[in-house]
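Residue numbers count from 1 along this sequence. Order of appearance sets the numbers: ligands from 1, and atoms from 1 within every ligand.
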Amino acid sequence: MQGKNKILRVLSGIQPSGKLHLGNYFGMMKPAIELQATGEAFYFIANYHALTTVTDAVQLRAATRDVALDFLACGLDPARAVFFRQSDVPEVTELTWLLSTVTPMGLLERCHSYKDKTARGIPANHALFAYPVLMASDILAYQSNLVPVGRDQKQHVEVTRDIAIKFNHQFGDIFTIPEPVIRENVAVVPGIDGQKMSKSYDNHLELFGTEKDTKARVMRIVTDSTPLEAPKNPDTCNVFALYRLVATEVQTQEMAGRYRAGGFGYGDAKKALFAVLWDYLAPLRAKRQELERDMAGVEAILTAGAARARGEARRTLDAARKAMGLD
Ligand code: ADP
Ligand code: TRP
């Protein structure tokens, strides 16, 4: 089936495991939304994956709803992209099993994400270990060509490629071999402590946080101890790294100039960052509020997306079943 798609299929997923932050937005959502124009997009809410960390049903339901609103508010266009909940396509779990049979243990043992999560105290259960195979299934079920993700997910796309190549070699040409799409210039968004922004480090700036909380967190961004009068290097400053993401090119150049000139303190830089960030997010907030007033409309988008996605997954699953002798 490889090469069968003339239009490039772009696929990505996001876990409903907490409030979205700027790292998710610049690392995943924004590139994914821009790619809507490039190909046929399939975007989904990875709620099966979230079960590896979210164990409360009420919380999972609420987070799923939030991510649906967030994604649509950020510009996912249901007329262009197929948008759905992962669990509305149970075919991917069956495909996961088929793929598991060609997945070497060593391939999964090498995955950083598993090692990192268990090191942080997340129980090392089978689902957490097999997580990349479910992700491979998500990608392969829809014959995806391009997978826009943050750098931390690149290894999982590579695992997917290895699994697909092995399966195709063993059972015939069933799966398209996908490529990760990583935005190198915005690949890692720093958190307020300068480490990678992540909800698990509690160093994030929420995309739809309250004004008060967002401001307070911006004011807590870690900076060095260069005195106010001294010239400063914008390129090593966490405040500037975030500012350039939300400011225009002209504003960014002006800010860099102020840093280098000296006499400009980090407190002022943080206030400028907050102002620009809050304005940048204003249209997204407005759109989200509008969507929230029409939850039935949001549900209809997800239901229609699931029907479309399910048809695709079924076709791939049937081909894989047949190739393996399960027909
Ligand atoms: P978190 O680290 O907060 O748990 P996830 O691992 O759920 O975030 O990431 C969801 C998506 O957002 C992934 O595609 C991931 O690569 C991207 N992403 C998360 N944090 C960042 C960041 N700081 N910079 C760039 N992309 C990120
Ligand atoms: N594992 C991804 C994350 O945590 C989410 C995800 C699940 C995904 N399945 C996917 C991303 C398939 C891209 C393609 O961010």
With under 30° as parallel and over 60° as perpendicular, where do the rings of Phe240 and Tyr259 fit, or are they tilted in between?
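Phe240 and Tyr259: perpendicular rings.
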Search all heavy atoms of [X] against all heavy atoms of [Y] and return the closest pair with its distance.
X      : Y      : value
Met295 : Glu292 : CG-O, 3.6 Å
Gln15  : Lys117 : NE2-NZ, 4.4 Å
Gly13  : Met28  : O-CE, 3.3 Å

Using a 4.0 Å heavy-atom cut-off, say whether His204 meets ligand 1 through its side chain, its backbone, both or neither.
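It is neither; nothing of His204 touches ligand 1.
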Out of Gln15, Lys199, Lys117, whose heavy atom sits nearest atom 7 (O) of ligand 1?
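Result: the heavy atom closest to atom 7 (O) of ligand 1 is in Lys199.
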Polar proximity ligand 1 side, [X] side, N/O cut 3.5 Å exclusive:
X      : result
His21  : yes
Gln153 : no
Ser17  : no
Ile14  : no
Met197 : yes
Gly23  : yes

For ligand 2, does Val149 get within less than 4.0 Å through its side chain, its backbone, both, or neither, judged by non-hydrogen atoms?
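Answer for Val149: side chain.
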Using a 4.0 Å heavy-atom cut-off, say whether Leu134 meets ligand 2 through its side chain, its backbone, both or neither.
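Neither part.
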Numbered atoms and elements of ligand 1 in range of Met28, under 4.0 angstrom, heavy atoms
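Taking each heavy atom of Met28 in turn, ligand 1 has 11 (C), 12 (O), 14 (O) under 4.0 Å.
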Which of the numbered atoms in ligand 1 are below 4.0 angstrom from a heavy atom of Gly27?
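In order of numbering, the contacting atoms are 25 (C), 26 (N).
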Strictly under 6.0 Å, is that where the ring centroids of Tyr142 and Phe84 end up?
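Between Tyr142 and Phe84, the centre distance is under 6.0 Å.
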Can you tell me if Lys166 has over 12 outside heavy atoms packed within less than 6.0 Å of its NZ?
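Atom NZ in Lys166 is packed in, count exceeds 12.
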May I ask you to check whether Gln153 has an N/O atom sitting below 3.5 Å from an N/O atom of ligand 2?
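Yes, since at least one N or O of Gln153 sits under 3.5 Å from an N or O of ligand 2.
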Suppose I only count heavy atoms of [X] and a 4.0 Å limit; which atoms of ligand 2 are within that range?
X      : value
Val147 : 13 (C), 14 (C)
Ala46  : 7 (C)
Leu11  : 12 (C), 14 (C)
His49  : 7 (C), 9 (N)
Ile139 : 12 (C), 14 (C)

When rounded to the nearest 0.5 angstrom, what distance separates CZ in Arg308 from CD in Glu40?
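Arg308 atom CZ to Glu40 atom CD measures 4.5 Å (nearest 0.5 Å).
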Interatomic spacing from CD1 in Ile192 to CZ in Arg217 - rounded to 0.5 Å
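One gets 4.5 Å once the value is rounded to the nearest 0.5 Å.
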What's the shortest distance from [atom] to any protein heavy atom, and which residue and atom give it?
atom                    : value
atom 1 (N) of ligand 2  : Tyr131 OH, 2.7 Å
atom 13 (C) of ligand 2 : Gly13 N, 3.5 Å
atom 9 (N) of ligand 2  : Asp138 OD2, 2.8 Å

Could you check whether [X] pairs with [Y] (Lys NZ or Arg NE/NH1/NH2 to Asp/Glu carboxylate O, under 4.0 Å)?
X      : Y      : answer
Glu91  : Arg315 : no
Lys19  : Asp66  : yes
Asp152 : Lys196 : yes
Asp116 : Arg120 : no
Lys115 : Glu109 : no

